[in-house]
There are 2 protein chains.
Amino acid sequence: MAEPSTARSLKRTSWPRKAAASVGDIDTSYLESLTGYNARRAALTIISVFLDRMAQYELRPVDFSVLSLIAHNPGITSRQLCGALDMLPPNLVGMLRELEGRGVIEKREHPTDRRAQGLHLSAAGKKLYAKAQRTATELEVDALHDLSAEERETLHGLLRRVYRPQRKSGEPDQPG
Amino acid sequence: MAEPSTARSLKRTSWPRKAAASVGDIDTSYLESLTGYNARRAALTIISVFLDRMAQYELRPVDFSVLSLIAHNPGITSRQLCGALDMLPPNLVGMLRELEGRGVIEKREHPTDRRAQGLHLSAAGKKLYAKAQRTATELEVDALHDLSAEERETLHGLLRRVYRPQRKSGEPDQPG
DNA sequence: TATTGTTATACTCTATAACTATA
DNA sequence: TATAGTTATAGAGTATAACAATA
């Protein structure tokens, strides 16, 4: 009710983890042999840190992803964002409206398609995103302090091969 | 309304991905340098396959995880499940009630703590879980056909090091 | 006084159907 | 006829507060 209008709550997802000791008594070895389980646990762990560090910018992971794609692809359309982030169009509408309301992004007319609209960062949006990207890059190193740079690269490569299907043989696609 | 009573819908999460070509035009390189982004995308990809293959047993990933921990830790309590799976107690109540209603699990009195209850698979639950675990193991290989067994092991090890903090030095914990 | 399991509830996330204006 | 953006809405997932029974 009486909250800052544009702001969202962005509350912490974490919950007191002192019960972690009890996990030691439980055999989780089979679940830990499954990639989906491990990938989801790892993602949630990093996202928790992400939420903490990005709260200062009032950006959730999905907001950051959207801003990042707009920053690196000025004029990208809503539909392209959906394709790249695997989101559904209706779920993007409110987000974009909010970011526009905050003065972070701008919608301009598309050069060739009058149905579509090109998305751009505002001047303020560019400043915000630059800071947020620095924070994200730092966060990456801090949250993964146990992994060397080489191990992180290995991890990313393997994960991409999971979610991005390999080309069969002579299939043309974007060159590495 | 006129649906099988205990059953849940378990609908597909996927949505027609033919627009995937558009991703090729978009620069996603920065996002792909972030572990959280890659891990989440990979997890969602595998979970999508999981949902398809496990629909025959009417088990969602979380149901399978719960059954797996009960199967490998007979007499485990609700609270221990929450600790191991990073779930909140209120969100487990309905799930356990449903699984009990389906005759898959049983609640028995805890040997030492009368507040708690030990969870066990029923005979039918053991059969169901045995089939489901076989399916999960097969799925693992099929969904990750691009990765060798060694690469999968490497991936799992790295992911575990992300979500499970390493012991400092002389910290006693479960031996590898 | 703290913990287990529970109820009630609110908020967020994800999905579908259907509309409009353009292509 | 198909697509971009939108509205409205339903359903699943995730969070908090508070309670009774037991430790």
Side-chain angles (χ1 to χ4, degrees), chain A residues 1 3 7-19 21-22 40 43-44 47-48 51 58 60-63 65-66 75-98 100 105 107-119, chain B residues 1 3 7-19 21-22 40 43-44 47-48 51 55 58-63 65-66 75-83 85-100 105 107-119:
Chain A
M1 291 298 178
E3 294 190 11
R8 200 185 289 255
S9 66
L10 283 176
K11 54 187 160 186
R12 305 290 175 77
T13 48
S14 56
W15 128 84
R17 270 160 221 264
K18 69 164 180 181
S22 72
R40 181 164 183 275
L44 291 176
I47 287 170
S48 169
L51 289 170
E58 294 192 83
R60 296 162 300 169
V62 64
D63 299 312
S65 296
V66 163
I76 190 174
T77 67
S78 169
R79 215 72 188 192
Q80 288 175 307
L81 279 177
C82 287
L85 295 177
D86 217 342
M87 293 182 62
L88 294 171
N91 298 330
L92 200 56
V93 175
M95 282 187 40
L96 293 178
R97 183 160 40 210
E98 186 178 312
E100 191 184 21
I105 67 170
K107 297 177 179 175
R108 303 185 195 156
E109 62 181 13
H110 189 96
T112 62
D113 187 339
R114 288 194 308 170
R115 295 170 303 181
Q117 44 201 355
L119 299 169
Chain B
M1 289 296 180
E3 293 191 14
R8 200 184 290 255
S9 67
L10 285 175
K11 54 188 159 186
R12 305 292 174 77
T13 48
S14 55
W15 127 82
R17 269 159 220 265
K18 70 163 182 182
S22 73
R40 182 165 182 275
L44 291 176
I47 286 169
S48 169
L51 288 170
E58 294 190 83
L59 295 178
R60 297 163 299 170
V62 65
D63 299 312
S65 296
V66 164
I76 190 175
T77 68
S78 170
R79 216 71 187 192
Q80 288 175 307
L81 279 177
C82 288
L85 295 177
D86 218 343
M87 293 181 62
L88 294 171
N91 298 331
L92 200 56
V93 174
M95 280 188 41
L96 293 179
R97 182 160 40 212
E98 187 177 311
L99 291 170
E100 191 184 19
I105 67 170
K107 297 177 179 175
R108 304 187 195 155
E109 62 181 12
H110 189 94
T112 62
D113 187 340
R114 287 195 309 170
R115 293 171 305 181
Q117 42 202 356
L119 299 169

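The model shown is predicted, which means the values in this text are computed figures rather than measured ones. Both backbone and side-chain heavy atoms feed into the values below; hydrogens, waters and symmetry mates do not. To find a chain, count down the sequence lines: A is the first, B the second, and so on, and within it residues start at 1.
- The side chain of A/Lys107 contributes an N or O atom lying less than 4.0 Å from OP1 or OP2 of D/dT6.
- Between the CD1 atom of B/Ile105 and the C1' atom of C/dG5 there is a distance of 13 Å, given to the nearest Å.
- No donor-acceptor distance shorter than 3.5 angstrom exists from the side chain of A/Ser48 to the backbone of A/Leu44, with no hydrogens or angles considered.
- Rounded to whole Å, the distance from CG on A/Leu44 to C1' on C/dC13 is 13 Å.
- Here the rule is side-chain hydrogen bond (donor to acceptor under 3.5 Å, both in side chains) with A/Thr112, and of A/His110, A/Arg114, A/Glu109 only A/His110 fits it.
- Going from atom CE of B/Met87 over to atom P of D/dA12 covers 15 Å, rounded to whole Å.
- The side-chain heavy atoms of A/Asp63 and A/Glu98, taken from C-beta on, include no pair separated by under 4.5 Å.
- Across the protein-nucleic acid pair, A/Arg60 atom CZ and D/dT14 atom P stand 16 Å apart, rounded to whole Å.
- The distance between atom CD of B/Glu58 and atom C1' of D/dA12, rounded to the nearest whole Å, is 16 Å.
- Which of D/dT16, C/dT7, D/dT6 sits closest to the side chain of B/Arg97 comes down to C/dT7.
- Atom CG in A/Leu119 sits about 13 Å away from atom P in D/dA4, given to the nearest Å.
- Inter-residue side-chain proximity for B/Leu81 and B/Leu119 is flagged as met; some heavy-atom pair is nearer than 4.5 Å.
- The nucleotide whose nearest atom lies closest to any side-chain atom of B/Asn91 is, among C/dT6, D/dA15, C/dA15, D/dA15.
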Please enumerate all protein N or O atoms sitting under 3.5 Å from an N or O of nucleotides 20-23 of chain C, with distances to 0.1 Å.
{"unit_1": "C/dA23", "atom_1": "OP1", "unit_2": "A/Arg114", "atom_2": "N", "d": "2.8"}

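- With contacts defined as side-chain heavy-atom distances shorter than 4.5 Å, the pair B/Pro89/B/Arg79 qualifies.
- A sub-4.0 Å separation between OP1 or OP2 of D/dT6 and a side-chain N or O of A/Gln117 is present.
- Dashed line: the shortest gap from a side-chain N or O of B/Ser78 to OP1 or OP2 of C/dT4 is not under 4.0 Å.
- Candidate nucleotides C/dT6, C/dA17, D/dT16 were compared by shortest atom distance to the side chain of B/Leu88, and D/dT16 ranks first.
- We find that CD1 of A/Ile47 is positioned 17 Å from P of C/dT12, with the value rounded to whole Å.
- At a threshold of 4.5 Å between non-hydrogen side-chain atoms, the residues B/Leu88 and B/Cys82 do not count as touching.
- The side chain to side chain donor-acceptor pair (under 3.5 Å) check on B/Asn91 picks up nothing, with sequence neighbours excluded.
- Of the candidates C/dT16, C/dG5, D/dT16, the closest approach to any side-chain atom of B/Thr77 belongs to C/dG5.
- Here C/dT14 is the nucleotide among C/dT14, C/dT6, D/dA4 with the atom lying nearest to any side-chain atom of B/Arg40.
- Of the candidates C/dA15, C/dT7, C/dG5, the closest approach to any side-chain atom of B/Arg79 belongs to C/dG5.
- If you measure from atom CG of B/Leu51 to atom P of C/dA15, you get 10 Å, rounded to the nearest angstrom.
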